[in-house]
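From a predicted model like this one, the values you see are computed outputs, not experimental measurements. Along the sequence shown, residues are numbered consecutively beginning with 1.
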Amino acid sequence: MPDLFLSYSRDDRVFMHTLLANLRKVGFNVWIDEEHLTVGTPEWQTAIEEAVKRVDALVVILTPSSKASKWVNIELTLAEMFGTRIFPVLAAGEKQTAVPLPLLLAQYADMRGRSDYESGFRDLIKGLAAHTELTIGEFSMDFSGEPRVQISVYGSHEGAIVAIGGDNLGDIRIDSEPPSPSRHPYEPEMILIPAGPFLMGSPKSD
């Protein structure tokens, strides 16, 4: 089973998980950091380097966020250094805003939007199959595992600034307090948010 390294920005986790599921569905073994770089992993920078070095190809998700990501650019540099074939996937933005300089002349799979996803994915699979000599039979796209965005807003705020924490699991939820065991987690309880700026973020970053 051919090995792939999936390079992406944390901001693109929703797209990444859908692509990951479909790559595995057609027969690829895919390495991603959030599964392999767990707490206690010694020298995780070295683990990334070794992974990029040993895989058959690197698939990079191109978006404005990934273009600005230090680690996506490091992973691309490592792939070029080790001679690992790079397969770009354009997931958001335009060529000028999402494609880094080393890949400007590379052919990429355009997978922007649900309507273009399957066509772009089939182009990607065709290239990967030819490179890795993997025989792939007929398959259908799977969106059932596509994560949804969760936004949790709690009642406390400082002045007119409301802090919003985001993650990539579950449904949108607005709560006046953290959900109690007696209330179903997807039953929203609306709160009044004062006018003014808000901060939106996640504890993880590039």
Measure the [atom1]-[atom2] distance between [X] and [Y] for me, rounded to the nearest 0.5 Å.
{"X": "Leu4", "Y": "Phe87", "atom1": "CG", "atom2": "CZ", "result": "8.5 Å"}
{"X": "Ile86", "Y": "Glu75", "atom1": "CD1", "atom2": "CD", "result": "10.5 Å"}
{"X": "Phe82", "Y": "Arg54", "atom1": "CZ", "atom2": "CZ", "result": "12.5 Å"}
{"X": "Asn73", "Y": "Leu78", "atom1": "CG", "atom2": "CG", "result": "11.0 Å"}
{"X": "Arg13", "Y": "Thr18", "atom1": "CZ", "atom2": "OG1", "result": "13.0 Å"}
{"X": "Leu23", "Y": "Leu124", "atom1": "CG", "atom2": "CG", "result": "6.0 Å"}

Report the residues that fulfil ring pair (Phe, Tyr, Trp, His ring centres under 6.0 Å) with Phe5, sequence neighbours left out, ordered by chain and then residue number. Trp31
4.5 Å side-chain heavy-atom contact, [X] and [Y]:
{"X": "Leu134", "Y": "Leu128", "answer": "no"}
{"X": "Ser66", "Y": "Asp12", "answer": "yes"}
{"X": "Lys67", "Y": "Gln96", "answer": "no"}
{"X": "Val59", "Y": "Val30", "answer": "no"}
{"X": "Met111", "Y": "Leu19", "answer": "yes"}
{"X": "Arg10", "Y": "Asp33", "answer": "yes"}
{"X": "Phe28", "Y": "Ile136", "answer": "yes"}
{"X": "Gln45", "Y": "Trp71", "answer": "yes"}

For Leu105, I'd like to know if atom CG has over 12 heavy atoms of other residues, nucleotides or ligands within 6.0 Å. no
Quick one: side chain to side chain contact (heavy atoms under 4.5 Å, CB included) partners of Asp56, sequence neighbours excluded? Pro2, Asp3, Thr132
Sole residue of Thr63, Leu20, Ile61 in side-chain contact (heavy atoms from CB on, under 4.5 Å) with Phe15: Ile61
Residue pair [X] / [Y]: nearest heavy atoms and the distance that separates them:
{"X": "Leu62", "Y": "Ala98", "value": "CB-O, 3.7 Å"}
{"X": "Ala92", "Y": "Arg112", "value": "N-CG, 3.7 Å"}
{"X": "Ser69", "Y": "Ser9", "value": "CB-CB, 4.5 Å"}
{"X": "Leu58", "Y": "Ala79", "value": "CD1-CB, 4.1 Å"}

